[in-house]
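No hydrogens, no waters, no symmetry mates; every other heavy atom, side chains included, goes into these values. Chain naming here is simple, since letters A, B, ... match the order of the sequence lines and numbering starts at 1 in each.
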2 protein chains.
Amino acid sequence: MKRGEHQPQTGPRPPDRERLRAELVQFMDRRGLRSTEQRRVIIEQLFGVTDHVTIDQLLESVRAVDPRVGYATVYRTMKLLAEGGLVHERKFGDGFTRYELADAHAHHDHLICLDCGKITEFEEPAIEELQDGIALRHGFLVRDHKHELYGTCAECAKQSDVKPGRVKTAHR
Amino acid sequence: MKRGEHQPQTGPRPPDRERLRAELVQFMDRRGLRSTEQRRVIIEQLFGVTDHVTIDQLLESVRAVDPRVGYATVYRTMKLLAEGGLVHERKFGDGFTRYELADAHAHHDHLICLDCGKITEFEEPAIEELQDGIALRHGFLVRDHKHELYGTCAECAKQSDVKPGRVKTAHR
DNA sequence: CTGCGTGCAAAGCATTTGCACCTAT
DNA sequence: ATAGGTGCAAATGCTTTGCACGCAG
């Protein structure tokens with residue numbers, strides 16, 4: 001139990017991941033990247049895990065398969081995959097970068113519980129539209145966006161009830 | 001020219017800052033904080049600067065007044081002010097923490113230009129409403145939120161036109 | 001006077017990088 | 001063979017902290 005520990009994620013998701021696999025192969029090919037044992041294991045774990053993994057969580061599961069893999073390799077691999085648009089890099093402000101697969105389900109935003117660390121996803125097309133309107137009005141070309149709600153999830157609220165006075169403490 | 005450099009901010013803003021001053025005094029009083037020369041200068045600079053300053057930018061302007069102030073003091077002071085809810089801490093993911101005054105104007109979100117670094121603000125009550133709806137639906141108690149659009153601002157788009165191929169490079 | 005606040009330098013910590021070795025291709 | 005990958009340890013860069021001194025109350 002150490003860095004970036006948090007609760008398990010929300011439910012399963014539709015694996016339209018075949019397309020992702022194909023894109024991955026295509027990307028590695030295009031860039032002339034080699035298929036090494038380490039990369040294979042990392043990618044396998046990434047596909048296996050539900051979501052929003054930190055480098056440490058990922059490394060842990062990778063080492064369960066091959067204990068010889070180092071931090072640097074995971075960092076380098078994730079950076080590559082992010083460049084290739086195969087994973088999304090998420091920074092929720094607690095100091096750990098998290099990664100999630102860029103499958104079709106990818107277009108969503110996040111609810112982050114400051115008490116238990118659980119990350120839930122949401123999607124709201126109406127917000128996207130308003131957002132596009134704002135960008136348009138500013139002549140701004142959106143390449144990426146981030147919409148996150150930080151607070152207390154249903155379970156935590158229920159369990160500890162009001163619990164006043166700790167507003168920023170739990171974060172980080 | 002060094003860390004966290006970026007373009008000047010968008011226009012002036014209504015200084016309802018009198019209330020903020022009052023809150024500040026109240027906060028320092030409540031916590032038994034001392035009014036030192038350093039804190040006074042830091043706060044003065046903070047009130048004077050338009051927006052979204054990094055620690056370095058702030059320290060620079062502080063040192064223009066009193067060259068003897070150290071990094072640590074600025075960090076510590078900003079942390080205090082953030083705890084007191086007098087400033088907001090913003091992390092746009094480029095590695096620098098930025099601060100902005102928590103005046104009445106504070107309820108807004110950000111457009112961040114990845115090319116020139118300019119930060120523009122926007123406000124969209126309709127989004128807030130949808131957001132509240134989402135939280136409600138999830139039984140989630142929102143304490144804070146973050147809504148940011150990353151991309152190319154109008155000026156940069158005009159000036160360099162399409163310029164394809166550099167999508168993640170400019171950031172940081 | 002007393003203890004909070006400060007400056008400096010050192011420590012922390014996630015992430016990146018240099019380098020010698022390794023291994024896909 | 002040979003250039004790209006890897007592991008390790010050292011380096012980065014922002015932020016925090018320990019400690020001795022200084023100054024507000």
Notebook entry, point to check: For M28(A) and dT25(C), what is the distance between atoms CE and P respectively, to the nearest whole Å?
Noted result: 8 Å
Note to self: With a cut-off of less than 4.0 Å, is there a side-chain N or O of T36(B) near OP1 or OP2 of dC23(D)?
What the structure shows: no
Check: Could you give the distance from OG1 (T152(A)) to CD1 (I112(A)), rounded to the nearest 0.5 Å?
Finding: 12.5 Å
Margin query: With clusters defined by side-chain heavy atoms of hydrophobic residues (ILVMFWY) lying less than 4.5 Å apart, directly or transitively, does Y150(A) cluster with I134(B)?
Written below: no
Next item on the list: Measure from the side chain of V69(A), starting at C-beta and using heavy atoms only, and say which of dT25(C), dG7(D), dG5(D) lies closest.
Entry: dG7(D)
Sort me out a list of protein N/O and nucleotides 1-3 of chain C N/O pairs below 3.5 Å, or just none if empty.
residue	atom	partner	partner atom	Å
dG3(C)	N2	R34(B)	NH1	2.8

Next item on the list: Could you state the atom-to-atom distance from OH of Y71(A) to P of dA14(C) in whole Å?
Entry: 8 Å
Checklist line | d(CZ, R39(A); C1', dT6(D)) in whole Å | finding: 9 Å
Margin query: Measure CE/M78(A) against P/dG5(D) and give the value in whole Å, please.
Written below: 16 Å
Margin query: Between the base of dG4(D) and the side chain of R76(A), is there a donor and acceptor pair under 3.5 angstrom?
Written below: no
Checklist line | Residue whose nearest DNA chain C nucleotide is more 5′ - Y99(A) or G32(B) | finding: G32(B)
Margin query: Hydrophobic clustering (ILVMFWY, side-chain heavy atoms < 4.5 Å, transitive) - are Y99(B) and L86(B) grouped together?
Written below: yes
Note to self: From the set dC14(D), dT25(C), dT15(D), return the single nucleotide nearest to any side-chain atom of I55(B).
What the structure shows: dT15(D)
Next item on the list: Answer yes if L80(B) and F47(B) sit in the same cluster of Ile, Leu, Val, Met, Phe, Trp and Tyr residues linked by side chain heavy atoms under 4.5 Å apart, and no otherwise.
Entry: yes
Next item on the list: For K79(B) and for E37(B), locate the closest nucleotide of DNA chain D by heavy-atom distance; then report the residue assigned to the nucleotide nearer the 5' terminus.
Entry: K79(B)
Item checked: Residues D109(B) and H145(B): side-chain donor-acceptor under 3.5 angstrom -> yes
Next item on the list: Rounded to the nearest angstrom, tell me the gap between atom CD1 in I42(B) and atom C1' in dG7(C).
Entry: 12 Å
Check: For H52(A) and Q57(A), which heavy atoms make the closest approach, and how far apart are they?
Finding: O-OE1, 3.9 Å
Check: When you measure from the side chain of T73(B), which nucleotide among dT6(C), dC14(D), dA9(D) comes out closest?
Finding: dT6(C)
Check: Judged by modelled atom types alone, do H110(B) and H147(B) share a side-chain donor-acceptor pair under 3.5 Å?
Finding: no
Notebook entry, point to check: Quick one: ring pair (Phe, Tyr, Trp, His ring centres under 6.0 Å) partners of F140(A), sequence neighbours excluded?
Noted result: none
Check: With respect to the phosphate group of dG7(C), does any side-chain polar atom (N or O) of Q38(B) fall under 4.0 Å of OP1 or OP2?
Finding: yes
Next item on the list: Rounded to the nearest angstrom, tell me the gap between atom CZ in R31(A) and atom C1' in dA24(C).
Entry: 18 Å
Item checked: d(CG, D29(B); P, dA24(D)) in whole Å -> 17 Å
Notebook entry, point to check: Within this structure, what is the CZ-to-P distance between R98(A) and dA14(C), rounded to whole angstrom?
Noted result: 12 Å
Item checked: 5′-ward residue of the pair R40(B)/T97(B) relative to DNA chain D -> T97(B)
Check: Would you say R68(B) reaches dC8(C)'s phosphate, i.e. side-chain N/O to OP1/OP2 under 4.0 Å?
Finding: no
Item checked: Rounded (10°) bend between the five-pair end axes of the helix from dC1(C)-dG25(D) to dT25(C)-dA1(D) -> 30°
Margin query: Whether the E100(B) and H108(B) side chains hold a donor-acceptor pair (N or O, under 3.5 Å, no angle test) is what I'd like checked.
Written below: yes
Notebook entry, point to check: Is Y75(B) near enough to dT16(D) that one of its side-chain N or O atoms lies under 4.0 angstrom from OP1 or OP2?
Noted result: no
Check: T97(B) and R90(B): side-chain donor and acceptor closer than 3.5 Å?
Finding: no
